[in-house]
Protein chains: 2
Amino acid sequence: METENGARWLSDEEQRTWRTHLEVSRLLTYQLERDLQPFGLTYNDYEILVNLSEAEDHQMRMSDLARATLQSKSRLSHQITRMENAGLVRRENCESDRRGLFAVLTDYGWETMKRVAPHHVAAVREHFIDLLSPRELESLQAALEPVAKHLRATRGRA
Amino acid sequence: METENGARWLSDEEQRTWRTHLEVSRLLTYQLERDLQPFGLTYNDYEILVNLSEAEDHQMRMSDLARATLQSKSRLSHQITRMENAGLVRRENCESDRRGLFAVLTDYGWETMKRVAPHHVAAVREHFIDLLSPRELESLQAALEPVAKHLRATRGRA
DNA sequence: CGGTATTTATTCAAATTTCAACTTAAATGG
DNA sequence: CCATTTAAGTTGAAATTTGAATAAATACCG
C-alpha cells in the first residue's frame, strides 16, 4: 500500500485510530472549556493557575511558564496581561536577572484555583478518566508516553 | 482521596496519563501544523481539503462541513472565504435549498490535496502511528472510542 | 575588558477566531 | 394559507493569536 511517491498510506485500522484520537482531543478540549465557563475561566487561564499553584511560592518566570504551557512568549505575555486585569495574577520583577519577570498568583487567584479545581477534576473524570478501566489507563500511558517523548524531542530541535 | 466538597482527585497514575494525553494532543497538532507549512496550508485548510476530497462530487454543504470539522458556522464561513481567495475551493448555490451553499473543491484544490496528502500521511506516521505497535494501536482505539462516543453525545445535548 | 551573540520579555500590526446581529429561505402548526 | 419558528449562512466588531521588530540585560569569546 504505497502512494505514488513511496509514502505508505494508513491502513483502515490505523486511520480509524488516528481519527478517533484526533476527535477525542478536540472534543475533550472543547468540553473542558465549556465546563470552566461558569467560573469565568478559559482553559488557558486554568492551565496558568495550575502551573502557578504547583510552583514554588506560587510564582514562575514568564519563560518557564510559556514553556510549561506550550505557548509562545508573545501569547503568554498577552494572556498574563488579561489575567492581571482580572486580578488572578500579578507581575513581579526578578532580582537575580533584571530582564526577567515572575508571574505570581494573587490571593484571589489562589482562592479561585481552590474553588474551581474540584469541578475541573470532576469534569476530567466524567469525560475521560472514569470512562477508562485501570487496564486501559495503563495501556494508554504506555502507548502515549513514547509519543510524547518523541514529540518533545522533535519540537526541541526545531 | 476526596476534596472538601466530595470530588475525587486523580491518583498519580491517573494524573500522569491525563497529562500525557494532553501533551500528546497539543504537541501533535503543533507538529502537524508545522509539517504543512512548507505547502502553505494550515491544518484547518488541510482538514477542509480532506473532507471535500472524500465527499461525493468533491462538495459539501457548509453546515455539514462545519459539523464534520467541529467548527462554528461563522468560523467556517471565514475559513472558506480565505480558501476561496487562495483558489482552493469555491462556493456554489444549492438548488434544492436556496438558503444553502456548497463548498466545492476546485481543480487546483484537488491537485493540492493529491500533492500534499502523502507528506501529511508520512508526518502522521512519523509522529504517531509508527511509534505504536499494532497491539498498542488496537488498545488505543479500544480505549478511546467509548470516550469519543461519550463526548459526541455530551456535545450534542448542549 | 569590549564587542557580539543570546536570552528575556514586550509591543505593534496582521491574521484568525469568537460572538452577536442579521438576512433569507424553509418548515411548522393553527 | 398566514404567522411564527427554525435553519442556513453571512457579516462586522471585538477578542485572541501570531509573528516580526524592538528593547534591555546577560552570556560568551577572543
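Throughout, protein chains are lettered first and strands after them, A, B, ... in sequence-line order, and every chain is numbered starting at 1. Note that the structure is a prediction, hence the values are computed from the model and not measured.
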*Grab the CD-P distance between A/Q79 and D/dT17 for me, whole Å please.*
6 Å

*asked:* In this structure, how many angstroms lie between the C1' atom of D/dT16 and the CZ atom of B/R75, rounded?
replied: 12 Å

*List in chain and number order the residues that pass ring pair (Phe, Tyr, Trp, His ring centres under 6.0 Å) with B/Y108, two or more places apart in sequence or in another chain; answer none if no residue qualifies.*
none

*Quickly work out the A/M60 CE to C/dT8 P distance and round it to whole Å.*
15 Å

*Evaluate the criterion side-chain contact (heavy atoms from CB on, under 4.5 Å) for residue pair B/R8 and A/D130; output intermediate values, then yes/no.*
CA-CA 11 Å; B/R8 282 145 56 232; A/D130 286 355; 3.6 Å; yes

_Any side-chain donor near an acceptor of the partner, B/R75 and B/Q79, under 3.5 Å_ = no

*Identify whether the distance between the nearest side-chain nitrogen and carboxylate oxygen of A/R82 and A/E84 falls below 4.0 Å.*
no

*Which sits closer to the 5' end of DNA chain C, B/E95 or B/S72, going by the nucleotide each is nearest to?*
B/S72

*For B/A103 and B/L52, work out which heavy atoms get closest and say how close.*
O-CD2, 3.5 Å

*Please check if the side chain of A/D35 supplies one atom and the backbone of A/L32 the other of a donor-acceptor pair under 3.5 Å.*
no

*asked:* side-chain hydrogen bond (donor to acceptor under 3.5 Å, both in side chains) for B/Q71 and B/T69? Distances and angles first, verdict last.
replied: CA-CA 5 Å; B/Q71 302 185 47; B/T69 57; 3.3 Å; yes

*Looking at residues at least two apart in the chain, or sitting in another chain, which of them share a salt bridge (charged side-chain N to carboxylate O under 4.0 Å, His left out) with A/E14?*
B/R125

_Ring centres under 6.0 angstrom apart (B/F128, A/H21)_ = yes

*Please report, rounded to the nearest Å, how far the P atom of D/dT16 is from the CG atom of A/L76.*
14 Å

*Whole-Å distance separating the CE atom of B/M83 from the P atom of D/dT10*: 14 Å

*Examine the side chains of A/R91 and A/T81 and answer whether a donor and an acceptor come within less than 3.5 Å of each other.*
yes

*Please state how far atom CD in B/Q37 lies from atom C1' in D/dT18, giving the value in whole angstrom units.*
11 Å

*Difference in axis direction between the ends of the helix from C/dC1-D/dG30 to C/dG30-D/dC1, five pairs, 10°*: 30°

*Taking DNA chain C as the partner, which of residues 44-51 of chain B come within under 4.0 angstrom of it by heavy atom?*
B/N44

*Note: A/E47-B/R26 ion pair, threshold 4.0 Å (strictly below)*: yes

*What integer distance in Å separates A/E33:CD from C/dC19:C1'?*
14 Å

Please tabulate the protein-to-nucleotide N/O contacts below 3.5 Å involving nucleotides 12-15 of chain D, giving atom names and distances.
from: D/dG12; atom 1: O6; to: B/H78; atom 2: NE2; distance (Å): 2.9

*Reading 5' to 3' through nucleotides 2-9 of chain D, protein heavy-atom contacts under 4.0 Å coded B for base, S for sugar-phosphate only, - for none*: -----BBB

*Are A/R155 and B/Y30 in a cation-pi contact, defined as NZ or CZ under 6.0 Å from the six-membered ring centre and within 45° of the axis?*
yes

*Would you confirm whether A/E33, through its side chain, and A/Y43, through its main-chain N or O, come within 3.5 Å as a donor-acceptor pair?*
yes

